[in-house]
Amino acid sequence: MIAILKPNTSMEQQEHLIHWLKSQGLMVHISHGDKYTVLGLVGDTSHIDVELLQSLDIVDSVKRVSEPFKQCNRKFHPDDMVIQVGDAKIGGGNFAMIAGPCSVENHDQIVEVAQAVKFAGADMLRGGAFKPRTSPYDFQGLKAEGLELLLEAKKITGLPIVSEIMNVNHLDLFEHVDVIQVGARNCQNFDLLRELGRTNKAILIKRGMANTLKELLMSAEYVMAGGNENVILCERGIRTFETYTRNTLDLSSVSVLHELTHLPVVVDPSHATGVARYVRPMALAAAAAGADGLMIEVHNDPIHAKCDGAQSLKPAEFHELAQAVRRVREAIAQ
Ligand code: PEP
Ligand code: MN
């Protein structure tokens, strides 16, 4: 349920109402918009008398929120969420370019790629240390050592880092990781999501390959229900009958998610297409569709990459792409 307060409501009146709502066993989320303050009420609202609430002097209107996702619902927060990660901002008109290799392989590789993507204008460096591979015989990532190397690249370049967590027991290792990624395969690992909700890190949740947008939002809700509002959503393609691409990029998700939620939406055309030459057109399309950021796999030697080389751009290709994305963003801003 949401209660929209009238513009001239005093702090004291607001506090008084919030106190009463809390005494009814509800959690109250406050969103201060330009004109209105929106109180988002979470919990069992069935016993709340809507007409009584509506009749209060300071209440403009009351609406029941029928969707099962509440805290990530735009009705709770009409304004876009802006998430600050180091010097980078994402959401609310701030665009973040996240780039780097699928996996951290060694010191020189990650530092070289980090410097290259920074030079190209990337805002954050990605790199997997714990890799969720379909085959147990494939490279599983450098794990803790991979995170150490990523931190070294962060120190050298100043870029905030993004890395995937697979197991909740590894959380301590992610202390200095700026954005914790929940991969497509863990999109509905509810224990993991709940635990990440107890941190104050930015959490990037990738859409599961067979998850609806409602399910993705419910995953975000798990994190937010624990008190962590710093959630970034990532469209990375879903599985369809098509086989020429690794997945099918559902670009309409950007528009739908922007309508349903105030959380920033990033698009990953690398995992969506699985083919390096398709990454550029899909990245530009995502920027044109109004995505709040892109996640692009970049490798200094894609042919010898230990993971996802076929979809990785070379640094020069990424540089050109980053410039093209800027031009698209300028064009749609006009
Ligand atoms: C990744 O980002 O390297 C990754 C494994 O992505 P996804 O979870 O989308 O498959
Ligand atoms: Mn990958």
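Just so we're clear, the structure is a prediction, and the values are computed from it rather than from any experiment. For ligands, and for the atoms within them, numbers begin at 1 and follow the listed sequence. Every heavy atom of this structure was used, including side-chain atoms; hydrogens, water molecules and symmetry mates were not.
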Trainee: List the closest protein heavy-atom neighbour of atom 4 (C) of ligand 1: residue, atom name, distance to the nearest 0.1 Å.
Mentor: H271 NE2, 3.4 Å

Trainee: Within the distance-only criterion (no hydrogens, no angle test), does the side chain of K89 pair as donor or acceptor with the backbone N or O of G86 below 3.5 angstrom?
Mentor: no

Trainee: Quick one: does any side-chain atom of S219 pair with a main-chain N or O of E215 as donor and acceptor, under 3.5 Å?
Mentor: yes

Trainee: Provide the number and element of each atom of ligand 1 under 4.0 Å from a heavy atom of G183.
Mentor: 8 (O)

Trainee: Can you figure out which of R133, M166, R236 has its heavy atom closest to atom 9 (O) of ligand 1?
Mentor: R236

Trainee: Could you list the atoms of ligand 1 found under 4.0 angstrom from a heavy atom of R185?
Mentor: 7 (P), 8 (O), 10 (O)

Trainee: Please answer whether the main-chain N or O of V182 pairs with a side-chain N or O of N186 as donor and acceptor at a distance below 3.5 Å.
Mentor: no

Trainee: So, for V254 and A291, which heavy atoms are closest and what is the spacing to 0.1 Å?
Mentor: CG1-N, 3.7 Å

Trainee: Could you tell me whether M209 approaches ligand 1 through its side chain, its backbone, both or neither, with non-hydrogen atoms closer than 4.0 Å?
Mentor: neither

Trainee: Compare Q311, K131, E164 and give the one whose heavy atom is closest to atom 3 (O) of ligand 1.
Mentor: K131

Trainee: Specify the closest pair of heavy atoms between V279 and Q311, including all atoms of both residues, with the distance to one decimal.
Mentor: CG2-O, 3.8 Å

Trainee: Could you pull out all residues at least two apart from D57 that satisfy side-chain contact (heavy atoms from CB on, under 4.5 Å)?
Mentor: none

Trainee: Would K206 count as being in polar contact with ligand 1, using the rule that some N or O on each side must be under 3.5 angstrom apart?
Mentor: yes

Trainee: Pull out every atom of ligand 1 sitting under 4.0 Å from any heavy atom of E297, numbered as shown with elements.
Mentor: 3 (O)

Trainee: What protein N/O/S atoms lie closer than 2.8 Å to the Mn ion (ligand 2)?
Mentor: C102 SG, H271 NE2, E297 OE2, D308 OD2

Trainee: Number the atoms of ligand 1 from 1 as they appear, then name those within less than 4.0 Å of a heavy atom of C102, with their elements.
Mentor: 3 (O)

Trainee: Listed by chain and number, what are the side chain to side chain donor-acceptor pair (under 3.5 Å) partners of S10, not counting sequence neighbours?
Mentor: Q13

Trainee: Could you report the tightest heavy-atom contact between E229 and L263, atom names first, then the distance?
Mentor: O-CD2, 4.0 Å

Trainee: Any idea which heavy atoms bring N230 and M81 closest together, and the distance?
Mentor: OD1-CE, 3.9 Å

Trainee: Looking only at non-hydrogen atoms, find the nearest pair between M282 and P269 and report the distance.
Mentor: CB-CB, 3.8 Å

Trainee: Please name the pair of heavy atoms, one in P160 and one in D178, separated by the smallest distance, quoted to 0.1 Å.
Mentor: CA-OD2, 3.3 Å

Trainee: Just grab all the salt bridge (charged side-chain N to carboxylate O under 4.0 Å, His left out) pairs involving residues 120-133, residues at least two apart or on different chains.
Mentor: R126-E297, R133-D138

Trainee: Going by the order shown, which atoms of ligand 1 are within less than 4.0 Å of some heavy atom of A184?
Mentor: 7 (P), 8 (O), 9 (O)

Trainee: Return the closest protein heavy atom for atom 2 (O) of ligand 1 as residue, atom name and distance.
Mentor: R126 NH1, 2.7 Å

Trainee: Please work out whether any backbone atom (N, CA, C, O) or any side-chain heavy atom from C-beta onward of Q181 is under 4.0 Å from ligand 1, and answer side chain, backbone, both or neither.
Mentor: side chain

